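Okay, so here's the structure we're looking at.
From a predicted model like this one, the values you see are computed outputs, not experimental measurements. Values below: all heavy atoms of this structure, side chains included; hydrogens, waters and symmetry mates excluded.
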Amino acid sequence: MDPECSRLLPALCAVLVDPRQPVADDTCLEKLLDWFKTVTEAGPSLLLLQENPCLVELLFRVLKAHDPRPRVLSFSLRLAGLFAAQEDCFQYLQQGELLPMLFGESGPLGGAAWTAPTVRSGWLQGLRSLAQHPGALRFLADCGAVDTIFSLQGDSSLFVASAAGQLLVHILALAMRGPAEGHPSPQGCDWPACAQKIVCHVEDSLRSTATLQVTQALNVLTTTFGHCHSPWTQGLWVRLSPLVACLLEKDPIPASHSLVDLLLSVARSPVGSSDCGLWETLAQTLSHLSPTQAGPLALGILKLQDCPQALKTQAFGVLLQPLACVLKAAAQAPGPPGFPEGATGDSITVDTFLSSKSACVGLLCQALAHLELLQLLPQRPSPWPQAPLLRAAVAILRFCHGSAAPTSDVGGHLCAVLAGCVRVQRAALDFLGTLSQGTGPQELVTQVFAVLLEYLTSPDSSPMVLKKAFQATLRWLLGSPKAPSCCDLDPHTQLFLGELLPVLRKRLCSPCWEARDSGLEFLTQVTRHWGEVPELTGQLLRDPESYVRASAVTATGQLSSWGLYATPTGPEHPEVQQESLFTELLHILSTDSEGFPRRAVMHVFTQWLKDGHADVAEDLEQFVARVLQAASQDLDWEVRAQGLELALVFLEQLLGQPGSRCPYAVALPEAAPPATLAQVLQALCRVQLFEFALRALFDCDRPVAQKSCDLLLFLKAKATPCGGPQEAGASPDVVSVEAALQRWQAGEQGQPLGELEPEAVMAVLRSMDLEGLRGMLAKSSDHMEKSPQSLLQDMLATVGVLGENEADCY
């Protein structure tokens, strides 16, 4: 430990135990515990206590306090656990009977402070840290801590109850180390006493008629099989699996969610590959659970690598049942073969559909989400019922939209329940988009496009549903097996595109900004594969909503890069059109009141420069100069940072090294010849890049200063091997430049540099400690305040401030 910290510790311990002093806040105490944990992990805890006796005195004085403060008591319990994690320190604390006083029945357990959840949580966390060696097991048995942990499983605080269950698992794993770690008898005759006690408690809980106790036992077992993979877990499952199976005989099945979690945890563990009876239990569970409860179990089974095919077929049938009911309700005449055998909607699933709106909606959304996940997995069932799934997704969307024509009571009920249900619409559209990765009959694909067009056209589609419909439409258009070009698409798709164009125009004029934004996003993505572009895109650059303006900037910028953007002025003067777009985007960068559109403009300009945009290349220096001038005056730090990104791209292009983005690589790229470098420096001066970068070096926003430092270091590294252009003549005059830099550093940012000479700029760069500045900027703003010494000083200073001004500096 640092000597200065050792000097401050006694005063801090005195403050913590003094009831007259205000208690440090939880954040400070947590930081203090983190520091002690680091110290104990780095060296012997016993030596720490011997060199700092005030720590042991702190623990004794907290215990002797008449009414200990809960936060300080919780801190002391956790601190003692950290020290006692090392066996020699554990024995040292045992000699003074300190540990029994802290964690035994004579300690906080019987006091008024125990009513505070933070104390109970600190007690559990302290024991969790302490339980690291065999001596801790004997201590837990002697002080009766295990029984207290059993009772805390049902604590009113969820955090305390969860910590109690996790601690039981940790103690069980600790007890089974060593001689018991092999293949102990399932009967438990050769199990350690502590492990035997915990397992017996779990058995009693599984036999209980109280659902809460069953849940606690199942959660403990789930954590055990999820974290412990030693051979003894096989004996544990052999012993407890009959009791778990007996839960299926109860009606209703208690703690069904926890039961599903346990069975899947066992199936994923080494136990699953060695116990054939587990597959039978899983099959029985699928049969006994309700459709809503069985869904997560079925998906988990289908994700398993090694699983009997019969069980996978049964699980897949469970997932498909809700969609089979939908198909049956929507059928007007007998159709082609549908889902695999076993997936037909049974009476239980139908009853769930008819029971309530929430049950129907929940079951459908769960089934759609599970099937969407399954579609993307390599171990999905084969053959995959693509056509029935497409029909079911289309039917669900039509039920929600009100365009279905039901022929049964279940169909009529679904129409009433699902009409306008946004939750189901979103889930069905997501699933429909995922199905675009497969193929289907042309008739079904036509139905898919038809229902998507219904949603894109309908005024009743909510903004989120409309966004999902656009996303699904894009996936189906780009997922076409034919070449992604408008002329290569099949006639049905071309017909759909023709119908979509007026819909898209309408959405781009929608009074709802989310609809306009979704339409622009769709247009930007699809235009590369589709030549027709609505002229409204440019008009949305002046949209009243900043998000829409930003999307319009991105869209027009990309369309222009692809040669697909045309302004309303006509195609006879393309150079005027492009200048008009550049001017309009520059106007947005200079005048828009919101940051999103301005940032989008800078990203577009940077991309134009990277792509070698033809009209930008006509007068490259003028383009860079005007953009940097606007970016330098922007109040948004992200705009200024992106301006430096654009400046770096420009510099790399002048040096003929596009893409060399890291100036600190082990092997720097070869420097340009001196003549070329002189021309580069003159060009940088003409576009005022130096002034922009040097001003940014003293920016109040650290990311901007970091980017500027990177840029100047890159240029300095390129110029240094060449010697620089000033060697042939006299020394450059750097006084004016250095004076301006001093003014900027002092905060007088309004002073311009004026006309610069390349030689003077490079001389200043060579004289600056840019490497040191980069190191300073890399440090976080609070690096000086993160040290343990600073933490102790702040906690002590807080007490003094509170004593005088009654103000907490935190």
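Atoms OG and CG, from S551 and D517 in turn, are 3.5 Å apart once rounded to the nearest 0.5 Å. For the atom pair L777 CG and Q706 CD, the distance stands at 5.5 Å (nearest 0.5 Å). Taken from CG in L689 to CG in L648, the straight-line distance is 9.5 Å, to the nearest 0.5 Å. Atoms CZ and CD, from F596 and E545 in turn, are 9.5 Å apart once rounded to the nearest 0.5 Å. Residue R423 holds its CZ atom at 4.5 Å from SG of C365, rounded to the nearest 0.5 Å.
Checking each of R598, R599, R549 against D592 for a side chain to side chain donor-acceptor pair (under 3.5 Å) leaves exactly one that passes, namely R549. Only one option out of L397, L368, T473, V424 pairs with L429 in a side chain to side chain contact (heavy atoms under 4.5 Å, CB included); it is L397.
A distance-only check finds a donor-acceptor pair linking the side chain of Q366 to the backbone of T292 [under 3.5 Å]. Put simply, the side chain of W608 never gets that close to the backbone of V616: no donor and acceptor are under 3.5 Å apart. Although no hydrogens or angles enter the test, the distance criterion places no donor-acceptor pair under 3.5 Å between the side chain of T457 and the main chain of E454.
In the displayed structure, L158 atom CG is contacted under 6.0 Å by at most 12 heavy atoms of other residues, nucleotides or ligands.
No hydrogens or angles considered: nothing links the side chains of T439 and Q386 as a donor-acceptor pair under 3.5 Å. If you check the side chains of S560 and H613, you find a donor sitting under 3.5 Å from an acceptor.
Looking at heavy atoms from C-beta onward, L651 lies in side-chain contact with V680 at the 4.5 angstrom threshold.
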